[in-house]
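Note that these values count all heavy atoms, side chains included, but never hydrogens, waters or copies made by symmetry. Please read these numbers as outputs of a predicted model, since none were measured by experiment.
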Amino acid sequence: DWDDVVSQNEIAAGADRASWTPTHYTYWLGYGYLQQGRYAEALRHLELVHRNMAMGHGNVPALLVEMCGDYIVTTERWDSSCLGWNDVDLSGMRTRDKALGAFLQGFCALKRGDRASAERQLVTIVALVPPLPKGEGDRGRGPTTDPVPSILEKELRAMLQQSAGHVTEAVASLRQATALEDAMPFEFGPPVTVKPSHELLGEVLMQAGRPRDAAVEFTSALRLAPKRARALIGLARAATAAGDQSTAARANADLQAIWHAADPGVLATAR
């Protein structure tokens, strides 16, 4: 219910927009704008929060990276200016935040055709991934081990594999990522990996000409993040390609309802 998400977090964040700082409220508010297709408002919000980051608390750099990631992944603007914010220092943040920063740089570099930069960021993430407890393998993580760095590592590795033409290996890497993500306990907030692994797997399967399998993954992504716009776009495209017109119609109807106040032209990007 993105209209309520936005309206309530605008109230929680306060009427004085000039004082908005990175908090739980502003994080959710930016994500809500993106789901509504209000990309220009989301960018203004993100840039304002960045300008006000000195007014926030200790986890501000992590929140800004997450908000930047949400903006990039939703809009698919792989050269967004927020990637160059050198004043966002993650050195004191959690391992998952450092891994997310490297993932965003690598993921966007690969989307721009810069494979070498993406490979360097993968090396950075690998160094951040904690070893699995003995005997766990890829089945899951122990209760004290954060799976997010490993999920991000497998996602970026999969994209590099796909770009090299190794689709089978890419799908296998993403199956490992989805298993880890499915085993995570519920976390309140936008997806912590920024790019949910089922959603990414659906996109890879679509590009491999497997729309029915892709639709299954987008459906799984929507179970974890209901009415998430990027997953709805994927499901609509996959269902259309698979000849499942009823599913495609439902997904498109959901998008049109969510995007009733979207920027001009946004709905056309879902076709």
Side-chain angles (χ1 to χ4, degrees), residues 2 6 9 17 20-23 26-54 56 59-90 93 96-122 124-125 148 151-152 155-156 158-160 162-163 189-197 199-200 203 225 228-234 259 262-270:
W2 300 117
V6 167
N9 281 287
R17 297 175 70 92
W20 280 356
T21 58
T23 66
T26 50
Y27 179 25
W28 261 112
L29 180 54
Y31 188 72
Y33 286 148
L34 289 166
Q35 301 313 306
Q36 288 181 319
R38 297 167 62 186
Y39 295 167
E41 186 64 32
L43 181 58
R44 285 192 291 269
H45 175 70
L46 177 61
E47 290 174 340
L48 174 61
V49 172
H50 175 235
R51 288 196 298 272
N52 292 349
M53 69 176 182
N59 66 337
V60 165
L63 281 173
L64 277 169
V65 168
E66 289 165 359
M67 291 176 70
C68 173
D70 288 333
Y71 175 78
I72 290 169
V73 165
T74 302
T75 64
E76 297 191 331
R77 294 172 183 170
W78 312 118
D79 58 352
S80 175
S81 61
C82 67
L83 291 166
W85 286 348
N86 296 323
D87 55 348
V88 179
D89 182 9
L90 293 173
M93 299 296 102
R96 68 161 57 180
D97 303 319
K98 297 173 185 176
L100 179 57
F103 170 80
L104 284 175
Q105 294 291 338
F107 191 76
C108 292
L110 193 57
K111 291 289 188 178
R112 298 193 305 268
D114 184 355
R115 183 181 179 86
S117 292
E119 288 175 337
R120 287 194 294 272
Q121 296 298 338
L122 179 61
T124 298
I125 299 173
V148 171
I151 292 169
L152 295 170
E155 287 188 334
L156 185 54
M159 297 309 293
L160 283 162
Q162 182 200 36
S163 71
V192 294
T193 59
V194 171
K195 186 63 176 176
S197 54
E199 184 176 289
L200 185 57
E203 293 173 359
R228 176 177 159 87
R230 187 52 59 185
L232 283 171
I233 292 170
W259 283 352
D263 296 346
V266 168
L267 192 58
T269 66

Using side-chain heavy atoms (C-beta onward) and a distance below 4.5 Å, is Met53 in contact with Leu63? no
Of the non-hydrogen atoms in Val73 and Arg230, which two are nearest, and what is the gap between them? O-NE, 3.9 Å
Which pair of heavy atoms, one from Val6 and one from Gly32, lies closest together, and at what distance? CG2-C, 3.6 Å
Just to verify, what does Ala116 make a side-chain contact (heavy atoms from CB on, under 4.5 Å) with, not counting sequence neighbours? Asp114, Arg120
Looking at every non-hydrogen atom in both residues, tell me the closest pair between Gln36 and Trp2 and how far apart they are. NE2-O, 3.8 Å
Could you grab the distance from atom CG of Leu200 to atom CG of Leu156, nearest 0.5 Å is fine? 10.0 Å
Contact between Tyr31 and Asn9 at the side-chain level, heavy atoms closer than 4.5 Å - yes or no? no
Rounded to the nearest 0.5 Å, how far apart are CG of Leu232 and CH2 of Trp259? 8.5 Å
Among residues at least two apart in sequence or on other chains, which ones pass side-chain contact (heavy atoms from CB on, under 4.5 Å) with Pro61? Val88, Leu90, Met93
Between CD of Glu199 and CD of Glu155, what distance do you get to the nearest 0.5 Å? 9.5 Å
Taking side chain as C-beta onward, heavy atoms only, is Gln162 less than 4.5 Å from Glu203? no
Could you go through Glu47 and Ser81, starting from their C-alpha distance and side-chain angles, then the distance that decides it, and tell me whether this counts as side chain to side chain contact (heavy atoms under 4.5 Å, CB included)? CA-CA 10 Å; Glu47 290 174 340; Ser81 61; 4.2 Å; yes
Answer whether the closest heavy-atom distance between the side chains of Pro196 and Arg228 falls below 4.5 Å. yes
State the CG-NZ distance between Asp70 and Lys195, to the nearest 0.5 angstrom. 11.0 Å
Minimal non-hydrogen separation, His45 against Thr26, with atom names: NE2-O, 2.9 Å
Between Thr193 and Leu152, the two heavy atoms sitting closest are O-CD2, 3.6 Å
Is there side-chain contact between Pro190 and Trp28, with at least one heavy-atom pair below 4.5 Å? yes
Below 3.5 Å, can you tabulate the donor-acceptor pairs from side chains in residues 102-113 to any protein atom, sequence neighbours excluded?
residue : atom : partner : partner atom : Å
Gln105  : NE2  : Leu83   : O            : 2.8
Arg112  : NH1  : Trp78   : O            : 2.8

Using the test side-chain contact (heavy atoms from CB on, under 4.5 Å), find all partners of Asn52 that sit at least two apart in sequence or belong to another chain. Thr21, Leu48, Met55
Minimum heavy-atom distance between Ser163 and Leu160, given as atom pair plus value: OG-O, 2.8 Å
With sequence neighbours excluded, residues passing side-chain contact (heavy atoms from CB on, under 4.5 Å) with Ala42: Tyr33, Leu34, Tyr71
Contacts of Arg17 meeting salt bridge (charged side-chain N to carboxylate O under 4.0 Å, His left out) (sequence neighbours excluded), chain-then-number -> Glu41
Distance, nearest 0.5 Å, that separates CD of Glu119 from OG1 of Thr124: 12.0 Å
Please round to the nearest 0.5 Å and tell me the distance separating atom CG of Leu46 and atom CG of Leu29. 11.5 Å
Would a distance-only check, ignoring hydrogens and angles, find a side-chain to backbone donor-acceptor pair under 3.5 Å from His50 to Leu64? no
